[in-house]
Amino acid sequence: MKMNRRQVLKAGLAASAVYSPWMIARAQARPVKFAAILPLTGAFAFAGNAGLEGFRDAADRINDAGGIGGRRLELVVEDSGYDVARATAAFNRIVQRESPEELVFVYGDSTGTSKALAPEITRLRLPYSATSFSNELADPNTYPTIFVFGPTYNDMAGALLQQIRLQRGRGAKIFLCYSNSEFGRDPIPFIKDRAGKLGFQIVGEEVTPLAIADATPIVTKLRQTQPDFVIMQGYVLTVEPLVVRAAREQGIRATFMGTYYSAELALMQRAGAAADGFIVTYHNAYYYDTTVSAVEQIRALRRAKGRDLSYRTTYYMGTWMVLDAVAEAMRRAHAAGRLTRPGLIEALENLGDYNAGGQARNMRWVNHRLPFTKLWRANVRDGRFDAITDWVDGSKL
Amino acid sequence: MSKTLLEAHDLHLSFRGVKALVGVSFSVSEGDLFAVIGPNGAGKTSLLNVLSGLYRPQQGRVVFLGEDLAGQSPQQRVRKGLGRTFQNLELFRGMTVLDNVKLGAELAVGGYTDLVPKAQIEWKIRHHAEEVLDYLHLSPYRHVPAGALPYGLQKRVEVARALAGRPKLLLLDEPMAGLSLEEKQDLARFLLDARREWGVTLVLVEHDLRAVLELSTGVLVMSYGEVLYQGAPAGVRENPRVAEAYLGRSA
Amino acid sequence: MAEINVENLKVVYRGVILALQGVSMRAGAGEAVALLGPNGAGKSTLVRAISGLLPQYDGRVLDGKIVINGQETQHLPALKVAGLGLTAILEGRPIFRYLTVTENLRAAGHKLTPQRQKELTDEIFTRFPRLYERRFEQGGYLSGGEQQMLLLGMALLTEPRILVVDEPSLGLSPKLTEEVMRVLDELRRDKGLTLVLVEQNARAAFSIVERVYVMEQGRVVFEGTAKEAQADADVMEFYLGGAVAGGFAEAKRYRRRKRWV
Amino acid sequence: MYRLSQTLTDAFSRRFSRTVREDYRQDEAYASTPQGRFWLAVAIVGVLALPLLLPPYPLFVTTQILIAALAGLGLHLLVGGAGQISLGQAAFVGVGAYVSSHLTGDLAPLGILAGGLVAALIGIVLGIPSLRIKGVYLAIATLAFQLLADYVFKRWTGFTGGVAGRTLPAEATFLGLPLADDRVVFYLGLAFAIPMFFYAKRLLSTRAGRAWFAVRDNDLSAQLSGVDLVRSKLTAFALSAFYGGIAGGILMHLIGAVTPENFVLAFSIQYLAIVIVGGAGTVLGAVLGALFIVLIPEILSVMAGAFGPQYVAQLSAWRSVAFGVLILLFLILEPRGLVGLWGRIRDYFRTWPLPY
Amino acid sequence: MDLALVIQTAFNGLANGALYAVIASGFVLVYRATSVVNFAIAEFMLIGAYLTYTMSLFFPLLLALLLALPPAFIFGLLVERGFVRPLLGRNVVAVVMATIGLAAALDGATLLLWGPDQKAMGAADVFQLPKEMPNLAFSLGGVFLSSKAVWSLVLALPLALLLVVALKYSRYGVLLRAVSESETAALAMGINAPRVVAVAWGLSAVMATIGGAFLAGAAGGGGPGHHLILLGLIVFPVAILGGFDSVPGAVVAGLFIGLIEAFSQLYLESLLPGITQAIPFLIVLLVLLFRPYGLFGQHRIERV
């Protein structure tokens, strides 16, 4: 790791300023700051690091194009370790260190963190988004500054249920398998409720830890209940491959489905042929989809910077999209002469048809979220997910 | 004739067939300095462990102050006034000398509910502990962790801790082992004075036949768990069984 | 044939407690020497120092030399010392209590070829038929005498040239003590061992050794042949229960000093 | 010149050497000398003034240290005092947090206290196995307790809010002051912490402390000195849990929410690290340990943040390496922990400039 | 009750239990040799799995697993030399804390070395599918055994049993048991105790590697990642149940816990979601209350 002298000095000053109320005066034109608290260590380090790379690349592109109306877009990054207390401390640190004129957006971590921060965020009128797609956060009445850049878990589940209705109709037998975590449990009540209304039958339900050693007990239940569809929620590709493989080995033909955090190529790497036909929801573009202009932008930037051109994950694409959209809102706010926290919220709310280079359908918020997603089917032969639908409104059920 | 303080009746103890005590009986009167001697492995320590309640004898009874001690835990016996020191140091090595002695002094002063510190009683405990420290010439070391003291002083701290509890009867397990002659003499003097001033009755287990014969008022000689001799110290040397057991062959 | 020489050895524990204050002793090749003295005299410390095991007890050699077969060993680790053919039987009967008799012997004879090991094991079982009877019993369940025999057997399996034994008679009946001493003596003669015997039971030791050292307070206070020792008034008085003098009861007056101090 | 240096040296030694204690009473007191009392008063006033001096983030960290010190101090009573190892302190912190989350607003102090008491009760239950199990077995038993507590936190939705946890109402106030304000929480915590620190110090130097140390050093000998093993161990467990519970109550007010992630094994380990790094032995150790364990990662994070985003990921990984290595180094090089280090530094200055 | 289902669940439980048995037996081996409770055992698994993964980039998986063992062994030796030896003889709390510190350091180190990405065993890049282990799945009379289960049973279980047998009968086994009882006495008999102890750590790392690689999914989807650390906790209930100082105990307890988990997942999970994760620890608490030295703990020889 190379650091130049200025950076070392800066670090030293910052460290010494922990307990000093005075901030270092800044002379030049003020940068605009975007803070990200990401799980760079711990169980979600893979997503956090990929996400960080997305932010960095997006920021580079924006700054290469002149920043936000001449002001540099600066990233402020902290590690949360997927730990609420640490993330809260990081948040406090950022808010304390950065001036309100410069720091206009914070991107946070899990649902737990977001909930812990929410009152403070609301008080500060600080625009905020997070890796969490929890239903609870998409509520502008309670949290007027929180945006979810994508569908909530309920929306994703809704899209899946629509697909089930399409494929099988009434009487479809569904098996739910989810982790005993915040995001694992999030859409379950919704699914149960809607499944009943749609005439589906929940034939079985399995709650597991985030990591399991052996999937056979689950698969045994699948054999007993013979579902048509298995919805897996709340995993990060630790459990899905195990279950799919074991299920296919035992000749279970059910269609497996997952949400955003399953929509990654690692599913196919890990599960091999068994992953074929796994249906997921994903609301951004895949890196190999060169028809999308955002992907072109990304590749061009990476080529220009001499960065690795191989596959980038969905977490990368997601954060790129978020920063791209936020930067657009910043530009508009700047153009309106109101690049402030309230100004940015307003600009975000009015992004309208902006589609972040094709990475989103549009930015027409419904309760501060974007309920549209696409469904994809794993194609193991080509090693990619094929889109099987266009944009689906997950909230229309 | 002063009254009997401690009686042991026909104690039997064995570990998986190995006999440690075989029908040991004796009695100790108030004011005695009763010595138990015998070669290593004779069962002296086992005897003390039975008396202080760490071992349960397979047979026999221990009577202290006219009360049968069967079924009483070691700490109940201590509270009744049956003090004890150990052969291999069993001090609280991480605690200061003062705290070691204070712990003993609580027995004499009386405890209190430990979650509500009471300055008055603490104060009494401190006074009492200082008295014992001073008496045993340990005052200069009061704030030193017991484990950091030289061996001889540690032995003395252990005696101090036991004496601080003002026991009626103190069981001493080889207090002189490993001490230099001067230290042995000092300790002997402390013990004799304690007996005289505080009226502590002493049961002294020793390996060193000679030292004991001169100090004690009554002697019990043991070998392989059996009593070889019991009576006045003067009679020990004349006893042929003792001579054989002690010296390996008839001398 | 091997000899051992200790010169002016000083040992401290935990950096402060001076356990040996300049001890010199020697055991010539094939000689049997006894170290006598009361508890805490430093005998066991000397055994630990000779066998290189002081660090295990948080002690170290401060000064002086230990020479085994011409090689200085005072700072060598235990394994190197063992490699020179010295085997120590430490105090407290350190058999492996959870291992069976056979396993104990195997552990001790780990360096031998299987064949040699079998030969020696057979020899031990012939010497100690009782061990053979209990060969599948865990060491912890043997009686004191049996444990002592097992230890001697284990020592034999290390094929030592110098054998150091710490208090083998501890807790043994006179008959057993005699038995142990007899075996030690036999072993020494059969194998041509150099023997250092550490004892409190002076009388037992006298029966099999040529020379005697008496230790007290970390010093050697007497040195001489077994005969001389038995003739010495102080040794007789303090270790053999001979004369009676002085008065512990009158401790304050007790000031008669031993003549050697 | 000589006289000048002598005057300086004298002044120095007057300041730094504690004057001779003249009687036992001074010896028993908290701060035996006028200087001692003075510095104690200065320290307390200083701590009380902190919220007025510190901006929010340092205050937040300071409150975190306060909480960690309380929980660590509780564990210290158990580990350093009674010698019973526990890997379940975070669970007690959790119990305190969840209980107090039901009694907040003006009743906040009552809620925190209730959390401490409930934790203490559970502590007694956990202490029961310690009467039979020792050392490593006890460590694993407390580990099992920790993981079962996690299960209950996640499952007992009615009381704990399950995996989603519970949130403190944003508008909650205490005596008209907003509880969302960290300064209020800091004072609230201080109101518990200061008496509890002194109580712990007093306890360790009186009867209970002696009994615990005796059990720690030699439980056989303790029995023969009249110590009631059952009572000693159980009170140690109960008090340790009580301190943890109180810390949990304050933590819940500081973060403004309770979720199970705050009470996982990693935190139990952190509390144990506080005890070890601080140096088992004194109350000061727990405070120093908490300062170290909380502050070091914060400083490393601050530095990582300042180096720029491209380094954060790597520095975060390095941070956990550094944390582990620091603990190892402490254990290997300075077994008596920070207190030992502090003692050495103090001794050095006391005798400075004449080392002999 | 469906008999075939019960049999199948039992087999799967045993297969999983075999992995626990392998890891726990190595863990217990270390405890016997050095009285150190290795709280970094999960990181040992993680490093073993990463080593296997690295090897699998160049070799078929089965071979990769074998090739990962020597470096794992060396890793174990290094840990013993670097961190354990200086701390031997210190109190339990200090040693426990040291291994916890080691765990934190290793956590960070793996992140630095192998990066945060999710790995897939045997895959060099996205479009190349894993070079898998031969498929040994079979079905017999309604009882189905997955390939992973069969591999666990044929590879891990014999290995654990081998360790038990070796400890009982081999020369090294006798020496290790001797050293574990008293290092000083062993040294006095000329036994190279430091080496015996170091080998125990090395073996433990090897066992953790096999268990870790399998749990990470060497034979059934997935690769190493942080989730292994969560799975590593299972070692403690297994070791306690087995008696902590008994390697045969650890093997039996591993299989037992595997069975309990499988049946709990089958029958109890629907009633009490999440219980399967907690149940091993529940058992531990109960066992400790009634048998403080575990089910197979050494009967302590007491003689005075």
Side-chain angles (χ1 to χ4, degrees), chain D residues 79-80 83-87 126 128-129 131-152 154-155 162-163 216 265-266 268-270 272-273 275-277 280 313-314 316-333 335 337, chain E residues 31 35-37 39-40 43 82-83 86-87 90-113 115-116 230 233 235-237 239-240 243-245 272-275 277-294 297:
Chain D
V79 178
Q84 309 291 309
I85 188 170
S86 165
L87 280 169
L126 182 67
I128 291 170
L131 304 176
R132 288 195 57 174
I133 341 171
K134 284 181 189 152
V136 175
Y137 289 87
L138 184 62
I140 307 289
T142 56
L143 175 82
F145 166 74
Q146 166 71 51
L147 294 168
L148 289 176
D150 189 52
Y151 172 74
V152 173
K154 283 183 178 163
R155 278 287 301 159
V163 283
R216 175 194 70 189
L265 181 62
S268 279
I269 287 171
Q270 185 186 311
L272 199 57
V275 175
I276 301 290
V277 171
Q314 279 206 305
S316 301
W318 276 112
R319 185 181 59 184
S320 77
V321 174
F323 180 73
V325 169
L326 268 176
I327 287 179
L328 281 169
L329 285 181
F330 255 107
L331 287 167
I332 295 172
L333 301 178
Chain E
Y31 181 74
S35 302
V36 170
V37 185
F39 274 84
E43 278 72 15
F83 304 108
L87 286 163
R90 298 273 294 284
N91 69 45
V92 182
V93 186
V95 177
V96 165
M97 201 61 230
T99 60
I100 287 172
L102 181 67
L106 290 179
D107 257 358
T110 48
L111 197 60
L112 286 172
L113 270 175
L230 306 176
L233 279 177
V235 166
F236 298 104
I240 280 282
F244 231 91
D245 51 3
L272 290 166
I275 190 72
Q277 213 180 351
I279 220 165
F281 291 94
L282 211 57
I283 293 175
V284 159
L285 274 187
L286 292 178
V287 165
L288 280 180
L289 274 181
F290 296 107
R291 280 192 62 105
Y293 293 95

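In what follows, chains are A, B, ... by sequence order, proteins preceding strands, each numbered from 1.
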Next item on the list: Output the distance between atom OG1 (E:T99) and atom CG (D:L331), rounded to the nearest 0.5 Å.
Entry: 9.5 Å
Check: So, for D:A317 and E:L111, which heavy atoms are closest and what is the spacing to 0.1 Å?
Finding: CB-CD2, 3.7 Å
Next item on the list: Answer yes or no: are there more than 12 heavy-atom neighbours, outside E:F236 itself, under 6.0 Å from its atom CZ?
Entry: yes
Next item on the list: Against chain E, label D:I269 side chain, backbone, both or neither, depending on which of its atoms sit under 4.5 Å from a heavy atom there.
Entry: both
Next item on the list: State the CD1-CG distance between D:I140 and E:L285, to the nearest 0.5 angstrom.
Entry: 11.0 Å
Margin query: Counting heavy-atom pairs under 4.5 Å with chain E, which one of D:L265, D:L147, D:I327, D:L143 comes out on top?
Written below: D:L147
Next item on the list: Check each atom of D:L328 against the heavy atoms of chain E and say whether the ones under 4.5 Å are side chain, backbone, both or neither.
Entry: side chain
Item checked: Heavy-atom pair count under 4.5 Å with chain E, highest-scoring of D:D150, D:L272, D:V321 -> D:V321
Check: Between E:A278 and D:Y151, what is the shortest heavy-atom contact and its length?
Finding: CB-CG, 3.9 Å
Checklist line | Residue of the set E:I240, E:V37, E:V284 for which side chain to side chain contact (heavy atoms under 4.5 Å, CB included) holds with D:Y137 | finding: E:I240
Item checked: Pick from D:A273, D:S320, D:A266 with the largest number of heavy-atom pairs that fall under 4.5 Å of chain E -> D:S320
Notebook entry, point to check: For E:L282, is it the side chain, the backbone, both or neither that has a heavy atom under 4.5 Å from a heavy atom of chain D?
Noted result: both
Margin query: Need one label for D:L87: side chain, backbone, both or neither, based on atoms under 4.5 Å from any heavy atom in chain E.
Written below: side chain
Checklist line | Region of E:I279 in contact with chain D, defined by heavy-atom distances below 4.5 Å | finding: neither
